[in-house]
Amino acid sequence: MLGCQDIKMVSCYQDSGFPKWGYRERSLSVEAKNLKNGEKKIVTLLKRKQNVSTSCSEKTRRLHVNTSVSSHERRYSCTPGQVKSSGRYPCDISSLGCEERNELLVTLEQAVAFVTTMVFQDGSSQLNSEQASTSSVKGVVVLVKNQTDHPCPPSHTSTGYTWNAANENDKLFYFKTEQSSPWEQEQAHKKISWQVLFQMLQCKVPIICFNAKDFLRTLLQVYGDEISWKQVADCVVLDPRIAAWLINPSDTVPSFECLIQKYFEKPFSKGTENTDTGTLRNVSVSSLVCFKIKISLWNLFCTLELPLIKILAVMETHKIYVNKQELKKTSEILGLRLKELEQEAHEVAGERFLLTSSCQLREVLFDKLKLHMLCEKLHRTEIQQLVSTSEVVLNKLQDLHPLPKIILEYRQVHKMKSTYVDGLRTCMKKGFISSTWNQTGTVTGRLSSKHPNIQGISKHPVTLTKKQYIKGKEEDIVTISPRTLFVSKKGCTFLAADFSHIELRILADLSSEPELLKLFQEPEITDIFSTLASQQNSKNNLSKERLADCLGITPVQASQFIESFMQKYKKVHEFTKKTIEQCRNKGYVVSIMGRKRPLANINAQDYKLRTQAERQAVNFVVQGSAADLCKMAMVKIFASVVISPTLTARLIAQIHDELLFEVEDSQIEEFSARAHSRLLGLFSVKQWIYSCRHQVFIHKLWSSLTKAQQYVWLNQLA
DNA sequence: GCGGCGCTCGTAAGG
DNA sequence: TCCTTACGAGCG
């Protein structure tokens with residue numbers, strides 16, 4: 001699988017606290033005179049190797065060419081400056097004199113790549129901490145790759161690496177981000193730091209960093225006054241972790257060390273013992289990582305995932321304000337309601353028990369009341385195969401006893417309180433929240449968010465039917481809608497741009513079923529259709545009369561509709577069969593943008609495992625492709641805001657098929673129009689909170705596009 | 001004996 | 001169906 005056409009990324013790093021780094025016979029001592037223990041740790045170097053195969057060299061070189069044109073031009077138009085602390089010594093830039101600082105800035109202009117690593121207070125770094133360290137950031141180490149010659153002579157076998165990790169022209173420096181010294185000195189240091197960073201960001205030379213998102217976010221947090229989010233959005237970052245995840249989204253890479261383990265300790269190509277790895281394995285001080293991205297993933301990596309890093313970093317630095325008073329009030333109201341429900345439940349059950357415990361509830365419902373005797377085929381739990389107490393089961397038991405209904409309401413209210421109200425409060429600092437976005441947390445290519453999980457915030461309001469919460473006020477209906485707890489900044493509005501039935505559309509396209517595609521061209525039918533599709537069980541027979549009634553069409557038309565519906569099923573079945581077949585042959589499936597998911601169990605003996613893998617394969621193609629499109633939309637809309645001199649709209653969340661923005665009221669029209677034009681109207685843009693005060697922008701849908709436009713769109717992405 | 005910690009399980013929200 | 005996060009109970 002990993003042949004010479006692979007793009008190679010090579011990284012050298014220091015895995016002990018020892019303040020020097022070695023590289024094969026060339027072991028270079030770093031006298032970190034200006035650094036403290038923890039700061040000495042890190043030297044990273046990551047270098048892209050030039051491709052060897054002529055047939056793909058064009059492709060692999062693209063990033064290099066694209067990103068270094070400007071610096072390349074500059075490089076030959078001026079004399080390289082000599083920075084005193086040349087190369088091997090990570091000098092603290094605060095110790096530099098005025099001239100030396102200028103020299104440093106000149107050096108930066110000539111760089112072809114930067115490799116950065118954050119160092120934390122506790123002495124750990126981005127390379128040896130398990131995950132985003134909770135410890136605060138102390139400083140940043142930067143390696144400036146400054147070679148004017150070609151990085152590596154081409155080699156013609158996968159074993160013939162020429163590791164050219166350290167170049168004489170490379171510079172290494174360090175700057176603090178924490179406040180420690182007296183104010184004036186601090187300001188001076190801060191100034192040079194952000195000048196350096198400014199230079200790094202705007203020169204469009206790749207910044208290579210493990211966990212690059214955390215790095216960029218920190219920059220925005222520390223230098224937020226000096227460096228704008230649009231500047232950060234403009235830089236070029238590379239993150240080996242993302243690359244590893246693209247190669248196989250299933251294996252998690254918790255740390256840089258794991259990355260090395262996976263891509264270095266193992267032989268690169270089967271059968272041949274790499275002489276370089278053999279040598280290097282013996283070098284106990286440093287390790288190397290080499291990971292590879294197939295050509296097929298390169299485009300996805302560069303056009304989608306890398307730009308996303310910056311977008312997520314910017315999103316994480318945006319403050320989403322929360323209505324604190326409302327939060328407190330609703331928490332109390334919900335708490336009261338829970339108490340009431342608890343009491344009611346105890347009364348009807350005839351005993352006290354813990355309502356939140358499914359075990360205890362099971363005892364009451366089935367051991368004591370024997371309700372399962374009166375109802376057939378109740379769903380069971382996954383592992384222990386006990387009768388479930390899930391919503392579905394409770395709904396079935398509703399008419400047999402008053403308890404299930406009480407439990408259902410209790411659960412609803414409890415979920416609301418614990419997750420959306422109290423949970424949100426624990427994520428808050430000073431009246432606002434910022435989610436953490438994980439780009440490599442899913443196997444399907446989706447994003448995930450946590451603290452709080454903004455993607456999981458309930459859409460639907462809960463209404464409390466009980467009264468007398470507030471004395472004297474006979475309020476008997478209170479509705480609580482979690483999304484309204486978020487408040488936009490003054491003079492701004494939350495706007496949501498969302499795809500409509502994205503996965504179904506993708507299925508239509510992938511199964512290339514004309515009947516199905518046609519359905520999307522009739523907007524009125526679309527909704528009903530999708531409702532039917534989601535509700536319709538294969539067993540549940542749909543009569544043409546009922547459908548005719550439902551759609552307001554004649555039974556003849558209805559039966560035609562049903563036929564096309566069944567036709568769709570047939571085509572979809574063919575699609576799933578084809579997908580599974582491909583997966584069996586290749587061992588993996590791909591999405592429309594080339595995202596991969598290997599499925600080891602696809603050829604398993606075990607029926608259960610095999611069929612699960614089959615479902616996963618089909619699901620991946622659809623869900624993964626949808627994720628591709630949504631990410632693409634994100635990148636495009638974000639970019640259009642970044643290049644606009646006027647727009648200030650902030651992307652604040654992605655809820656899979658929906659993008660949430662905070663837009664200045666005066667810019668709503670302009671923003672909507674731009675979002676719309678960028679995506680050929682695939683999005684509808686409307687106010688986020690679904691209390692739907694007014695529709696801001698009426699969209700054109702996919703369905704209203706011509707076939708040609710649809711193809712343009714899809715081809716653009718493919 | 002008790003509380004903290006980490007784990008699995010069940011449930012339910014998002015898509 | 002599948003894939004996420006979050007929460008609480010219960011166990012060791």
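Convention: sequence-line order gives letters A, B, ...; per-chain numbering from 1.
Remark: A:Glu662 does not engage A:Arg650 in a salt bridge, criterion side-chain N to carboxylate O under 4.0 Å.
For DNA chain B, the residues of residues 413-428 of chain A within the heavy-atom distance limit of 4.0 Å (strictly under) are A:Lys415, A:Tyr420, sorted by number.
Residue A:Ser448 places none of its side-chain N or O atoms closer than 4.0 Å to OP1 or OP2 of C:dC3. Using a 4.0 Å cut-off, no side-chain N or O of A:Arg615 falls inside it from OP1 or OP2 of C:dT1. A close approach under 4.0 Å does not occur between any side-chain nitrogen or oxygen of A:Gln412 and OP1 or OP2 of B:dA12. The phosphate of C:dC3 (OP1 or OP2) has no side-chain N or O of A:Arg446 nearer than 4.0 angstrom. A:Arg597 has a side-chain polar atom (N or O) that falls below the 4.0 Å cut-off from OP1 or OP2 of C:dC3.
Applying the salt bridge (Lys or Arg N to Asp or Glu O under 4.0 Å) test between A:Glu316 and each of A:Lys310, A:Lys213, A:Lys450 identifies A:Lys213 as the sole match. The only option from A:Val618, A:Thr444, A:Asp628 that meets the side chain to side chain contact (heavy atoms under 4.5 Å, CB included) definition with A:Gln623 turns out to be A:Thr444.
Residue contacts for A:Glu391: at a heavy-atom cut-off of 4.0 Å it reaches the sugar-phosphate backbone alone, with no base atom in range. Looking at heavy-atom distances under 4.0 Å, A:Leu354 makes contact with sugar-phosphate atoms alone, never a base.
Minimum atom distance to the side chain of A:Arg411 is reached by B:dT11, of the listed B:dG15, B:dT11, B:dG14. When each of B:dT11, C:dC2, B:dC9 is scored by its nearest atom to the side-chain atoms of A:Gln616, the top-ranked nucleotide is C:dC2. Closest to the side chain of A:Thr442, out of B:dG15, C:dC3, C:dG10, is C:dC3. For A:Ser357, taking side-chain heavy atoms from C-beta onward, the closest of the listed nucleotides C:dG10, B:dT11, B:dG14 is C:dG10. Among B:dC9, C:dG10, C:dC2, the nucleotide with an atom closest to any side-chain atom of A:Gln384 is B:dC9. Of the candidate nucleotides B:dG10, C:dC3, B:dT11, B:dG10 has the atom lying nearest to any side-chain atom of A:Glu382. Here the nucleotide nearest the side chain of A:Asn619, chosen from B:dT11, C:dC3, B:dG14, is C:dC3.
In this structure, the CG atom of A:Asp657 is 17 Å from the P atom of C:dT4, given to the nearest Å. The CG atom of A:Leu408 sits 15 Å away from the C1' atom of B:dA13 (whole-angstrom rounding). Atom CG of A:Leu355 and atom C1' of B:dT11 are 14 Å apart (whole Å). Here B:dG15 presents its P atom at 9 Å from NE2 of A:His656, a figure rounded to the nearest Å. Protein atom NZ of A:Lys631 is 18 Å distant from nucleotide atom P of B:dG15, rounded to whole Å. Distance CG (A:Leu660) to P (B:dG15): 12 Å, rounded to an integer number of Å. Going from atom CD1 of A:Ile457 over to atom P of B:dA12 covers 19 Å, rounded to whole Å. When rounded to the nearest whole Å, the span between CG of A:Asn453 and C1' of C:dC3 equals 12 Å.
Side chain A:Gln623 to base C:dC2: a donor-acceptor pair is found below 3.5 Å.
With contacts defined as side-chain heavy-atom distances shorter than 4.5 Å, the pair A:Thr579/A:Arg584 does not qualify.
Residues A:Ile602 and A:Arg610 come closest through the heavy atom pair O-CG, 3.3 Å. Smallest separation of non-hydrogen atoms from A:Ile637 and A:Leu659: CD1-CD1, 4.0 Å.
Summarising the local packing, CD of A:Gln343 is surrounded by 12 or fewer heavy atoms from other residues, nucleotides or ligands at distances under 6.0 Å.
Aromatic ring centres of A:Phe486 and A:Tyr321 lie farther apart than the 6.0 Å criterion allows.
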